[in-house]
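These notes concern the structure reproduced below.
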Amino acid sequence: MNKHIAIDLGASNGRVLVGDLKQFEVVHRFVTHNDQILGSFYWNLQSLFSEIKTGLKKAFALYPDQITSIGIDTWGVDYVLTDEKGGLVSLCYHYRDSRTDGMIEKVSSRLGGKMRIYERTGIAFQPFNTLYQLAAMQQERPDAMKAARHYLSVPDLLAYWLCSVMKNERTHASTTQLYDPRTGDWAWDLIDEMQFDRSLFGRIVDSGTILGPLTEEVAHEVCAPKGVVVIASAAHDTASAVAAVPAAEGETPLYISSGTWSLLGVELASPLTDALTMESGFTNEIAASGNVRFLKNIMGMWIQQECVRHWEREEGQPISWKELDEQTLLCQDYQGYIDPADGRFLKPNTYDNLMVDRINGWCDEHGIARPSSKGEYMVAIYRGLARAYEKAIKDLEDVLKTKFTSLYIIGGGCKNEILDQWTASLTGLTVYAGPVEATALGNLVVQAWATGELSSLQEGRDRIRLEQKVKVFQS
Ligand SMILES: C[C@H](O)[C@H](O)[C@@H](O)C(=O)CO
């Protein structure tokens with residue numbers, strides 16, 4: 001059976017996996033944390049590329065003759081601009097960088113208001129959307145904008161570095177807030193009104209497009225045989241994860257893709273862009289199938305991850321999940337919670353503004369007792385997340401005029417069984433948790449579909465339902 005390589009980069013770690021839909025293995029793991037340089041946050045793309053090549057080398061050493069393709073997915077919205085020859089005109093900013101603060105308001109007044117932007121793009125208002133990142137660049141670094149010839153998302157760039165083909169993949173393009181989900185093309189009127197150069201934005205290709213073979217240089221370095229191709233998989237990691245929801249044909253599954261973010265939603269045939277969906281914070285991104293991923297971005301495990309990173313730094317040793325879970329369960333009587341949607345929780349820890357202090361501040365302002373131990377901080381975060389899920393599901397039921405009975409939680413965050421159970425108890429839904437590696441599996445599904453091994457994306461979901469582990473949590 002053919003094997004494929006899935007390169008899956010999340011906001012906290014990256015993985016290179018090799019396999020098929022029945023059996024796959026993680027051959028390389030690495031951290032994808034950000035670097036702060038002179039007050040700005042950036043991704044270190046060169047180091048990510050070298051980790052990717054290390055992973056490819058390990059995969060080809062294990063299966064020298066069976067691997068036929070490689071696909072990449074990453075978090076949304078982040079991008080680079082390149083010059084004519086493909087050289088970067090700037091480092092790659094991290095979406096949590098502060099340069100977009102206040103940009104939603106400025107851009108909205110320039111483009112005729114939020115409702116217009118939402119109707120044109122279907123994308124919810126987040127300060128980190130590519131639209132606001134480009135607007136900030138235009139304002140602060142006009143020379144870099146002038147030097148730019150190509151816009152590439154992070155996975156578009158990494159694919160370009162592997163196979164020397166530049167394309168804009170659709171699911172990722174749809175996260176920019178410069179994409180029109182009705183025409184399937186860039187939202188040219190908004191691009192013109194922002195005075196972004198039209199020629200920056202290239203041809204948008206579907207998930208599953210074969211880009212081309214590895215360059216000879218990369219193939220030599222990673223010891224790949226001839227003929228291995230790079231595929232524009234579902235390049236936005238959430239789109240890959242949603243392709244792996246283990247739902248049966250005919251279901252409209254309610255899902256949470258749980259990781260650094262919790263993306264809660266359903267798949268729809270066409271976008272919903274009225275005042276109610278805008279006010280409720282729903283976004284219309286594009287799925288691997290070309291359908292709409294109608295979902296809400298809820299701050300996910302990020303707040304927990306930042307607290308743990310701080311404690312580990314302070315104590316000089318790693319904290320295990322097991323230890324943290326035990327402490328959380330012992331603290332269940334503590335009734336505190338936070339609202340994860342509060343903007344103060346978006347930014348990374350800095351030496352003078354720690355996540356734990358922001359949690360304390362939120363509790364003080366809301367008359368809630370501050371957490372007093374690691375376990376209590378976890379309780380406050382998980383309770384806050386379960387409440388946010390409950391609210392988003394109610395909003396979704398109102399918008400769609402439907403009632404859900406079950407919820408699929410997929411991705412790394414579904415390993416958090418305390419949160420899975422609290423979510424089931426609070427929402428009254430049956431929770432199916434798994435697969436843990438949904439994003440990489442979705443990436444593999446799209447590659448198997450592109451190479452003709454699967455006749456449809458639904459067949460991929462069916463295989464995952466039969467072959468991968470899913471745990472059930474009852475309310
Ligand atoms: C900015 C976030 O990364 C994005 O909205 C989210 O969908 C994601 O990519 C989660 O990994």
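As the structure lists them, so they are numbered: ligands from 1, and atoms in each ligand from 1. What you see is a predicted model, and the numbers here were worked out from it, not measured in a lab.
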Seminar exercise, completed: For Trp261, the ligand 1 atoms with a heavy-atom partner under 4.0 Å come out as 2 (C), 3 (O), 10 (C)
Exercise. Does Gln126 come within less than 4.0 angstrom of ligand 1, counting non-hydrogen atoms of the residue?
Worked result: no
Problem set entry | Test of proximity, Val77 against ligand 1: N or O pairs below 3.5 Å | no
Exercise. So is Asn297 close enough to ligand 1, meaning a heavy atom under 4.0 angstrom away?
Worked result: yes
For this session: Go through Arg96 and Asn34 one step at a time and tell me if the side-chain contact (heavy atoms from CB on, under 4.5 Å) criterion holds.
Result: CA-CA 9 Å; Arg96 293 189 198 263; Asn34 53 72; 6.0 Å; no
Exercise. Honestly, is Arg15 close enough over Phe30, meaning NZ or CZ under 6.0 Å from the six-membered ring centre and within 45° of the axis?
Worked result: no
Exercise. Quick check: does Thr238 get an N/O under 3.5 Å from an N/O on ligand 1?
Worked result: yes
Problem set entry | Short side-chain donor-acceptor distance under 3.5 Å, Ser425 and Gln421 | yes
Exercise. Can you tell me how far the CG atom of Leu91 sits from the CG atom of Asp97, to the nearest 0.5 Å?
Worked result: 11.0 Å
Problem set entry | Trace of the ring-ring contact (aromatic ring centres under 6.0 Å, His included) decision for Phe294 with Phe282 | CA-CA 7 Å; Phe294 185 70; Phe282 284 99; 5.0 Å; yes
Exercise. Among Tyr93, Trp75, Phe49, whose ring pair (Phe, Tyr, Trp, His ring centres under 6.0 Å) with Trp43 holds?
Worked result: Trp75
Exercise. Would you say the side chains of His28 and Thr54 form a donor-acceptor pair under 3.5 Å?
Worked result: no
Exercise. Backbone, side chain, both or neither: what part of His236 comes under 4.0 angstrom of ligand 1, heavy atoms only?
Worked result: side chain
Problem set entry | Protein heavy-atom partner closest to atom 1 (C) of ligand 1 - residue, atom, separation in Å | Phe128 CE1, 3.6 Å
Exercise. Under 3.5 Å between some N or O of ligand 1 and some N or O of Asp237?
Worked result: yes
Problem set entry | Proximal ligand 1 atoms for Trp75, defined as those under 4.0 Å from one of its heavy atoms | 3 (O), 9 (O)
